[in-house]
There are 2 protein chains.
Amino acid sequence: MKKRSSTTPVKTMADIARIAGVSSSTVSRALAGSALVEDSQRDRIIKIAREGGYVINSTARNLRLQRTETLSVAIPLGHESSQPLSDPFFVEMLGYLAEEITRRGYGMFVQKISSPMDDWMYRLIAAHRSDGIIVIGQSTEHEVIEAASVSYKPLVVWGGHDRQQSYCTVGTDNVAGARAAVSHLIALGRRKIVFFGDPKLPEIRLRHDGYQRAVAQASQVEAMPTVPTHLTADAAYESMRAFASSGIAFDGVFAATDVIAMSAIRALTGAGLRVPEDVAVVGFDDIALAAHCNPALTTVRQDIQRGAEMMVDLLLRRIAGEDTPSATMAAELVVRESCGAARAS
Amino acid sequence: MKKRSSTTPVKTMADIARIAGVSSSTVSRALAGSALVEDSQRDRIIKIAREGGYVINSTARNLRLQRTETLSVAIPLGHESSQPLSDPFFVEMLGYLAEEITRRGYGMFVQKISSPMDDWMYRLIAAHRSDGIIVIGQSTEHEVIEAASVSYKPLVVWGGHDRQQSYCTVGTDNVAGARAAVSHLIALGRRKIVFFGDPKLPEIRLRHDGYQRAVAQASQVEAMPTVPTHLTADAAYESMRAFASSGIAFDGVFAATDVIAMSAIRALTGAGLRVPEDVAVVGFDDIALAAHCNPALTTVRQDIQRGAEMMVDLLLRRIAGEDTPSATMAAELVVRESCGAARAS
DNA sequence: TCGGGTCACGCAATCGATTGCATTGCGGGG
DNA sequence: CCCCGCAATGCAATCGATTGCGTGACCCGA
């Protein structure tokens, strides 16, 4: 930390004005780089500010300018009781958002929505603590978001996009990604593929759609049950353990998220099944650990970084008054070890 | 979102005052529950506010009250080039902090310190955007933090505690935890235990101390090299791959973090070594995935949730003027599969 | 009936930065 | 020599909530 030789503490523009022998108006203009201030004067004022270690008081500035220079990031966790932010996907997204938002000079106001009353959105808006809101994942809150979006425009949501929804989303092409994943399993000779995930959540429903299309399109693939597990590692582990001991034969698993996939693999191994020899597993998300677990996970990659950038970009444009459309990014199948090589059908 | 029947928009206290036929002073006092306002009057004002959907403007309030009701959370990543927030440990911590901070009615201002110039701390302080700062992990920034802490009191740091450091830390007893982990490996019959992690980082240095003490205390345990790997999954994987092919024989690994441990396991498996049969692995942190990777990871548990609570608690007390001491939490060895059972020495 | 006291409430300053408008000084053209 | 105009700067209001101090109304006892 730099040492400041401040005999007179320089906290406000008035302090600078006093030292420079001018009014605070001039200081304000000088610091803003206004051409109205004489060059030498401006330089002198800026020098005083710098040497005094002056940093503008953003609270006062924001009050005057009627804005906050802050973006809210809301994470609804309606689907997992009181579980803390457990999914690395959300957390990686949070990290990229932090990066992108601070890069643009904004602050990031993080809000976890644990026990959603239906007015969380309203309260977040009315608090006036941010200029706009990013919602990570629709969870079970689609209706609430939809309702809020009618009157509140600076809002961008990560998640699945539906034709009849009016709010602006950024997301991956879940249907195509899921379809590619399941088609890959089928191409490797798997015929009994189970879907793990709860289609009540919008994104997961789309992935389930993709799964169904791939299955419907292929021949000789058996219809298998859908297991609506929660998104947490514990719940997914338990679901898979129960399913594996149910006696239903299966040779492939399409997990709605990587966390589910990794937990499933562990449960399968615990049940004496080998991955990928006995059961091939594909996930969705490509979280950082997917490449580094054992066996390495074949999964559908979502470009989280680009997603974060797009959300911030769209939100800032919405704050500026533009009415931006939703954006969908391509999904990419990343083949690793967990689904093995082709085998005889 | 609730429907507001606001013919007259109620945005400010002055609006409410106009409707109620009083001054904004009275509105302010009424909303604050002051006894100076007559009961029926107060109820009426509160009713008007509620029906108008009024939410106080915190920017104005904070300017007047000279505070921000916001806490900064800084994450220095000096150790991993431009890597995004990759370690689940940090990210889980972030989630718990978000929970705890919002629970206390504060906002959370997240700042990622990617390419640390030595004035990041000063800038964060001088921006006046928060009432206090939580730093997650010392990374390579010990000196900067130490320097800042001399003049800036509302500061709490997650990380290792050293006798000669003056800032307030919250952390796990790294030495004892590491010692327990390594002693466990030794008790299981392992004799050639390698340490993976970079002792340049304060916390890791303490874990390395614990490792050395456990080794020194035991008999028949060979001195093995320390491999100073980075904290990212990729770097750790590469380090282990290189080490495994170096020809040095070993039967145990103590990884400084779970991410390193999980990557190491994968590299070992890739090199044809079995875990835990050929090499036993112990990690540190007990991140959520530790229990759910394959094999499940034996590791030293840090109570992240309690850590987050303590940091917020200490910080609020520091903001209130108290000079709180550092806190160290007990570490707990969690035995799972990755170090196997005892074997003949 | 009057003075002292209490209760409710309003006035106006304050927090710090911004900005429309007024003002000052200076130079040049008529 | 005077006046106009421009350049540079100051004044003061503003954003919205808070709060010390002042004031009016009312009640009570003397």
Side-chain angles (χ1 to χ4, degrees), chain A residues 8-46 48-50 52-70 105 107 125-131, chain B residues 8-46 48-50 52-70 105 107 125-131:
Chain A
T8 315
V10 180
K11 308 299 291 179
T12 74
M13 287 191 175
D15 295 336
I16 300 178
R18 204 171 307 120
I19 297 172
V22 296
S23 73
S24 59
S25 319
T26 303
V27 174
S28 174
R29 284 190 268 254
L31 262 31
S34 164
L36 283 174
V37 181
E38 199 196 5
D39 292 3
S40 64
Q41 184 84 277
R42 179 174 53 227
D43 295 343
R44 200 165 59 86
I45 291 171
I46 290 176
I48 292 172
R50 201 193 313 278
Y54 173 77
V55 176
I56 200 161
N57 182 318
S58 48
T59 304
R61 175 172 222 262
N62 290 339
L63 174 61
R64 178 66 230 245
L65 262 28
Q66 294 290 74
R67 55 160 179 194
T68 64
E69 287 192 297
T70 295
I125 294 169
H128 295 296
R129 297 198 70 146
S130 58
D131 299 336
Chain B
T8 316
V10 180
K11 310 298 289 179
T12 74
M13 287 191 177
D15 295 336
I16 299 178
R18 204 171 306 118
I19 297 172
V22 296
S23 74
S24 60
S25 318
T26 302
V27 174
S28 174
R29 285 190 268 252
L31 262 31
S34 165
L36 283 173
V37 181
E38 200 195 6
D39 291 4
S40 65
Q41 183 87 277
R42 180 173 53 224
D43 295 344
R44 201 165 60 86
I45 291 172
I46 290 175
I48 293 172
R50 200 194 313 280
Y54 173 77
V55 176
I56 200 159
N57 182 317
S58 49
T59 304
R61 176 171 220 264
N62 290 338
L63 174 60
R64 179 62 230 246
L65 262 29
Q66 294 290 75
R67 57 160 178 197
T68 63
E69 288 193 296
T70 296
I125 294 169
H128 295 295
R129 295 198 71 147
S130 57
D131 299 336

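The sequence lines fix the lettering, A, B, ..., with proteins before strands; numbering per chain opens at 1. Bear in mind the structure is a predicted one, so any value in this text is a computation, not a measurement.
Across every non-hydrogen atom of I16(B) and A49(B), the tightest pair is CD1-CB, 3.7 Å. Considering all non-hydrogen atoms of both residues, A20(B) and I48(B) come closest at CB-CD1, 3.8 Å. The minimum heavy-atom distance linking K11(A) with Y54(A) is given by the pair O-CE1, 3.2 Å. The two residues V55(B) and H128(A) make their nearest non-hydrogen contact at O-CD2, 4.3 Å. In terms of heavy atoms, N57(A) sits closest to A60(A) at OD1-N, 3.1 Å.
Each of M13(B) and A35(A) was assigned the nucleotide of DNA chain D with the nearest heavy atom; the assignment lying further toward the 5' end belongs to A35(A). The 5' end of DNA chain C is approached more closely, in terms of each residue's nearest nucleotide, by L36(B) than by the other of L36(B) and A32(A). Toward the 5′ end of DNA chain C lies the nearest nucleotide of T26(B), the other residue of the pair T26(B) and T12(A) mapping further downstream.
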**Request:** Apply side-chain contact (heavy atoms from CB on, under 4.5 Å) to I45(A) and T26(A), showing your working.
**Result:** CA-CA 9 Å; I45(A) 291 171; T26(A) 303; 3.9 Å; yes
**Message:** Determine whether I46(A) and L31(A) satisfy the following criterion, side-chain contact (heavy atoms from CB on, under 4.5 Å), listing intermediate values before the conclusion.
**Reply:** CA-CA 6 Å; I46(A) 290 176; L31(A) 262 31; 4.1 Å; yes
**Evaluation steps, side-chain contact (heavy atoms from CB on, under 4.5 Å), between T59(B) and R67(A)** = CA-CA 9 Å; T59(B) 304; R67(A) 55 160 179 194; over 6 Å; no
**Message:** For a side-chain contact (heavy atoms from CB on, under 4.5 Å) check, start with the C-alpha distance between T70(B) and R129(B), then their side-chain angles and the critical distance, and finish with the verdict.
**Reply:** CA-CA 7 Å; T70(B) 296; R129(B) 295 198 71 147; over 6 Å; no
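For DNA chain C, the neighbouring residues in residues 60-68 of chain A, judged by any heavy atom under 4.0 Å, are A60(A), R61(A), R64(A), L65(A).
Residue contacts shown for L31(B) are absent, as no nucleic acid heavy atom lies under 4.0 Å away. As judged by a 4.0 angstrom heavy-atom cut-off over every strand, V27(A) is placed among residues making no nucleic acid contact. Looking at heavy-atom distances under 4.0 Å, V37(B) makes contact with sugar-phosphate atoms alone, never a base.
Counting only distance, with no hydrogens or angles, the side chain of S24(B) and the backbone of V27(B) share no donor-acceptor pair below 3.5 Å. The main-chain N or O of V10(A) is never found under 3.5 Å from a side-chain atom of D15(A) such that the two would form a donor-acceptor pair.
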**nucleotides 20-27 of chain C: protein proximity per nucleotide (B base, S sugar-phosphate only, - neither; heavy atom, under 4.0 Å)** = B-------
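In 5' to 3' order, the nucleotides of DNA chain D bounding all contacts with chain B (an atom under 4.0 Å from a heavy atom) are dG16(D) to dG20(D).
When the side-chain nitrogen and oxygen atoms of Q41(B) are compared with OP1 and OP2 of dA8(C), none of them lie within a distance under 4.0 Å.
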